[in-house]
Amino acid sequence: MLKRTVTCGELRAKDKDREVVLSGWVASWRDHGGVIFIDLRDISGLTQIVFGREKSGLDKGKEEELIKQAQKLRNEFVIAVKGVVSARPEGTENKKIDTGDIEVIVTEMELLNKCRELPFDFKKMDEVGEETRLKYRYLEMRVGKLKDNLVFKHKLFQVTRNYFSGKGFYEIETPFLTRATPEGARDYLVPSRVNPGKFYALPQSPQLFKQMLMVGGFMRYFQIVKCFRDEDLRQDRQPEFTQLDLEMSFIDEADIKAVLEEYVCSVFDKLMGVKVSRPFPSLSYDQAMLRYGTDKPDLRIPAEITDISDLALSCGFKVFSDAAGKGVVRGLKISDADRISLSVINEVTKEVQQLGAKGLAWIRHKEEGLTSQITKFFKPEELEELSRRFKTIKGDLLFFVADSADTVSKCLSFLRTRFYEPRKDKYALLWVEDYPLFEKDAETGRWSPMHHPFTSPAPGDIEALRSGKDEDIARVKSRAYDMVLNGSEIGGGSIRNHSLEVQDLVFRILGIDEKESREKFGFLLKALSYGAPPHGGFAFGMDRLVAQLLNLESIREVIPFPKTQKAYSPITDAPSAVDRKQLDELFIKVDVPEDLT
RNA sequence: GGGGUGGUAGUUCAGUUUGGUUAGAACGCUGGCCUGUCAAGCCAGAGGUCGCGAGUUCGAGUCUCGUCCACCCCGCCA
């Protein structure tokens with residue numbers, strides 16, 4: 001085999017007259033009869049190679065033989081060629097590629113492999129549907145943007161490892177075959193052959209292990225690691241995804257935030273060439289929900305939500321006053337809204353109805369003041385007050401939703417992103433903090449942890465925790481914090497309970513009694529009782545981080561072999577049925593109802 | 001579990017509103033021509049389970065019902 005001496009992306013004018021060997025894929029071939037041009041591609045770039053030039057110095061017979069060989073080449077055939085680097089004739093240089101000043105005159109060629117007809121046109125990769133791309137992922141990554149995304153992810157991993165190693169963090173692995181936990185997402189289960197009837201679970205995160213590493217004295221730990229959650233998929237959710245997981249001892253929120261901000265700044269600096277100023281802005285959970293209707297607001301969008309429940313309660317518009325009695329009435333101002341026609345408003349009304357709203361009220365600020373079908377229900381001074389609250393000017397459009405706080409937030413948050421296209425070259429980072437420690441489960445009416453059950457309550461709220469009364473529990477804040485980038489939750493973490501007493505208190509409120517907690521989490525509780533240091537940590541969703549940095553819609557674009565929405569792998573055809581023999585060995589009987597097969 | 005959008009040639013799409021001759025286009029593919037192209041060009045050709053299944057009809061890519069798949073969203077995601 002001809003052995004490559006250079007890559008396809010590196011030759012320049014200064015390499016003129018060098019004899020080189022290139023290998024790669026035929027990216028494009030242009031057969032002119034007597035002369036054939038081929039763009040040879042490898043991961044580093046393209047080089048034009050030429051067959052049938054006198055410069056090759058071959059005798060006529062050999063030249064004809066070579067041309068004949070080259071004529072049989074097709075797209076994506078794999079070849080190696082020996083040849084001489086030559087400056088392109090004047091006027092035929094190609095400015096579009098880095099190697100465009102030169103070409104390689106071929107003297108010898110070896111066909112290393114053929115390629116069957118391609119499932120799509122490599123030159124129009126951007127237009128190919130995702131289903132086809134996923135099925136032939138190895139072809140897409142040969143040429144498409146996917147390659148660049150994966151290279152970028154590699155660089156992020158490198159920056160990450162360098163940064164944390166440099167700060168005294170130890171990279172330590174934790175098990176994939178671990179214990180099923182009752183809380184949180186559904187587990188992926190793995191049967192144990194040598195323990196009939198028993199199952200491991202794949203970790204939803206290394207949470208418990210990293211806490212035990214802290215008890216073990218490591219003080220600073222990090223890991224770039226896969227996590228597994230068996231929940232329904234979204235554009236930013238895959239059943240297996242990659243986290244940067246970390247944990248620190250003898251620290252508080254300020255220490256962790258400082259390290260994370262410095263890390264994120266170095267990522268932006270090294271990979272994006274963007275300087276990010278510190279400290280990052282911070283919002284409390286309550287403020288975020290009130291002003292943006294979500295705990296992961298995109299701060300590139302200027303519009304903010306305004307509460308008018310007090311005004312609505314006493315106004316003449318029954319829809320508002322009724323709703324304000326039971327829930328809230330809030331509004332969102334869209335500036336420069338003459339572009340938004342009535343038919344668009346009707347369309348948007350349907351959209352918010354699907355999110356649970358009963359309707360969508362609106363008022364325009366026109367030349368003559370606030371106008372709309374509902375303005376007749378308001379007294380002039382009430383309209384004036386509305387105008388004042390929202391600081392309206394001509395061209396503004398106010399949307400109102402009157403419902404429970406949850407529904408109103410969901411709808412107005414949707415409207416914020418519906419009418420604003422954020423600037424792609426801007427990056428808005430922020431912290432969201434002061435989360436409630438618990439939330440009420442709508443179905444069971446029981447308390448469940450908003451973050452996870454090992455999150456520490458705010459020190460001032462421990463007494464409220466002890467009281468056990470619902471209204472006290474509801475206002476207990478946690479020591480959890482999320483980092484948000486452009487409306488995407490790229491990471492979250494918390495200070496953990498290192499005190500066994502507080503951890504037990506939390507379990508009681510979650511309805512987990514001593515017996516159950518010993519049974520399910522006994523190993524962690526035991527560890528905490530052996531001198532656990534105060535500790536806390538964080539986890540970044542690396543797929544989300546990369547997707548945000550590269551302005552991609554879906555994390556599938558940064559995962560080499562992703563699953564579809566039904567958690568199906570188009571490339572391996574997983575999941576699949578297995579042989580009876582395999583199941584027998586595991587003492588597993590499948591019992592799938594007929595309507596599901 | 002629920003709502004929405006889509007599925008026609010290898011690929012990307014048109015055709016479905018208003019049922020009617022042999023289902024088209026571009027790119028790709030195959031063969032031929034062509035000595036400076038680089039999304040090469042010219043000529044010729046092959047290529048279709050209109051996602052699948054029922055139904056309505058003289059007749060269905062087109063209408064109805066069911067179903068599968070993909071994507072977006074709600075629920076869910078400690």
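Since the model is a prediction, treat every value here as computed from it, not as a measurement. Letters A, B, ... are given to chains in the order of the sequence lines, protein chains preceding strands, and every chain is numbered from 1.
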#### Entry: For A:E439, all residues meeting side chain to side chain contact (heavy atoms under 4.5 Å, CB included), sequence neighbours excluded
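A:E439: side chain to side chain contact (heavy atoms under 4.5 Å, CB included) contacts with A:S448, A:M450.
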
### Query
Which residues pass the side chain to side chain contact (heavy atoms under 4.5 Å, CB included) test with A:M212, sequence neighbours left out?
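For A:M212, the residues satisfying side chain to side chain contact (heavy atoms under 4.5 Å, CB included) (neighbours in sequence not counted) are A:F209, A:F523, A:L524, A:A527.
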
### Message
Applying salt bridge (Lys or Arg N to Asp or Glu O under 4.0 Å) as the test, list every pair that has at least one member in residues 538-548 of chain A; sequence neighbours left out.
### Response
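Residue pairs passing salt bridge (Lys or Arg N to Asp or Glu O under 4.0 Å), neighbours aside: A:K153-A:D543, A:D236-A:R544.
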
Mind checking the [atom1] distance from [N] to [M]? Whole angstroms is fine.
N	M	atom1	value
B:U64	B:G19	C1'	13 Å
B:G7	B:U16	P	13 Å
B:C68	B:C77	C1'	26 Å
B:U18	B:G61	C1'	15 Å
B:G47	B:A26	C1'	15 Å
B:U11	B:G51	P	13 Å
B:U30	B:A70	P	32 Å
B:U62	B:G55	P	14 Å

I want to check something: taking the side chain as every heavy atom from C-beta on, are [X] and [Y] in contact at a cut-off of under 4.5 Å?
X	Y	value
A:F507	A:L525	yes
A:V78	A:C115	no
A:D126	A:K145	yes
A:H452	A:R496	yes

### Task
Could you grab the distance from atom NZ of A:K563 to atom CG of A:L134, nearest 0.5 Å is fine?
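The CG atom of A:L134 is 10.5 Å from NZ of A:K563, to the nearest 0.5 Å.
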
[N] pairs with, by Watson-Crick or G-U criteria that keep both distances under 3.5 Å:
N	value
B:A44	B:U30
B:C77	none
B:C71	B:G4

In this structure, how many angstroms lie between the [atom2] atom of [N] and the [atom1] atom of [X], rounded?
X	N	atom1	atom2	result
A:I49	B:G36	CD1	P	18 Å
A:I38	B:G36	CD1	P	17 Å
A:Q238	B:A70	CD	C1'	14 Å
A:K563	B:A70	NZ	C1'	16 Å
A:Q243	B:C77	CD	C1'	12 Å
A:R186	B:C76	CZ	P	11 Å
A:D232	B:C71	CG	C1'	14 Å
A:E127	B:A26	CD	C1'	10 Å

Any N/O pairs under 3.5 Å between the protein and nucleotides 40-47 of chain B? List them or say none.
unit_1: B:A40; atom_1: OP2; unit_2: A:S28; atom_2: OG; d: 2.9
unit_1: B:A40; atom_1: N6; unit_2: A:D31; atom_2: O; d: 2.8

Between protein and nucleic acid, restricted to nucleotides 6-10 of chain B and to nitrogen or oxygen atoms under 3.5 Å apart, what atom pairs and distances do you find?
unit_1: B:G10; atom_1: O2'; unit_2: A:P119; atom_2: O; d: 2.6

### Query
For A:Y221, what residues pass the ring-ring contact (aromatic ring centres under 6.0 Å, His included) criterion, not counting sequence neighbours?
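Not a single residue meets the ring-ring contact (aromatic ring centres under 6.0 Å, His included) criterion with A:Y221.
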
### Task
Only counting residues at least two apart or in another chain, list the ones meeting ring-ring contact (aromatic ring centres under 6.0 Å, His included) with A:F37.
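Checked A:F37 against ring-ring contact (aromatic ring centres under 6.0 Å, His included); matches are A:H32.
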
### Task
Would you mind checking if A:D39 and A:R30 are paired as a salt bridge, meaning a charged N to carboxylate O distance below 4.0 Å?
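Salt bridge between A:R30 and A:D39, a charged N being under 4.0 Å from a carboxylate O: yes.
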
From C-beta outward on [X], which listed nucleotide comes closest to its side chain: [options]?
X	options	result
A:Q354	B:G3, B:G75, B:G36	B:G3
A:E130	B:C77, B:C29, B:C71	B:C71
A:Q48	B:U37, B:A70, B:C76	B:U37
A:R234	B:C76, B:A39, B:A70	B:C76

### Task
On the 0 to 90° scale, with breaks at 30° and 60°, tag the A:Y481-A:F538 ring pair as parallel, tilted or perpendicular.
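Ring orientation, 0 to 90° scale: parallel.
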
### Task
Could you tell me how the ring of A:Y136 sits relative to the ring of A:Y138: parallel (under 30°), tilted (30 to 60°) or perpendicular (over 60°)?
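Ring orientation of A:Y136 relative to A:Y138: perpendicular.
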
Just call it for [X]: base, sugar-phosphate, or nothing, with non-hydrogen atoms closer than 4.0 Å on any strand.
X	value
A:G356	nothing
A:R88	base
A:Q235	sugar-phosphate
A:R116	nothing
A:S205	base
A:P89	base

### Task
By nearest nucleotide on RNA chain B, pick out whichever of A:L355 and A:G129 is the more 5' one.
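Its nearest nucleotide lies further toward 5', so the answer is A:G129.
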
### Query
Given that A:Q207 and A:L233 both sit by RNA chain B, which one's nearest nucleotide is further toward the 5' end?
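Nearest nucleotide further toward 5': that of A:L233.
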
#### Entry: Closest non-hydrogen atom pair between A:K520 and A:R179, with its separation
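That would be O-NE, 3.7 Å.
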
Near-strand residues of [range], defined as heavy-atom separation under 4.0 angstrom from RNA chain B:
range	answer
residues 511-521 of chain A	none
residues 404-416 of chain A	A:K410
residues 90-109 of chain A	A:T92, A:E93, A:N94, A:K96, A:E103

### Task
Could you list the residues that satisfy side chain to side chain donor-acceptor pair (under 3.5 Å) with A:R416, not counting sequence neighbours?
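With neighbours one apart ignored, the set is empty.
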
### Message
Tell me every residue that passes side chain to side chain donor-acceptor pair (under 3.5 Å) with A:R518, counting only those two or more places apart in sequence or in another chain.
### Response
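Applying side chain to side chain donor-acceptor pair (under 3.5 Å) to A:R518 gives none.
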
### Query
Is there a donor and acceptor pair closer than 3.5 Å between the side chain of A:R237 and the base of B:C77?
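When only heavy-atom distances are counted, A:R237 does reach the base of B:C77 through a donor-acceptor pair under 3.5 Å.
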
### Task
For a side chain to side chain contact (heavy atoms under 4.5 Å, CB included) with A:V558, tell me which candidate from A:L545, A:L146, A:T242, A:V546 qualifies.
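Filter result, single survivor: A:V546.
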
### Query
More than 12 heavy atoms of other residues, nucleotides or ligands under 6.0 Å from CG of A:L177: is that the case?
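Yes, the 6.0 Å shell around CG holds more than 12 heavy atoms from other groups.
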
### Query
Is there a donor-acceptor contact under 3.5 Å from the side chain of A:R88 to the main chain of A:G100?
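Between the backbone of A:G100 and the side chain of A:R88 there is a qualifying donor-acceptor contact (under 3.5 Å).
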
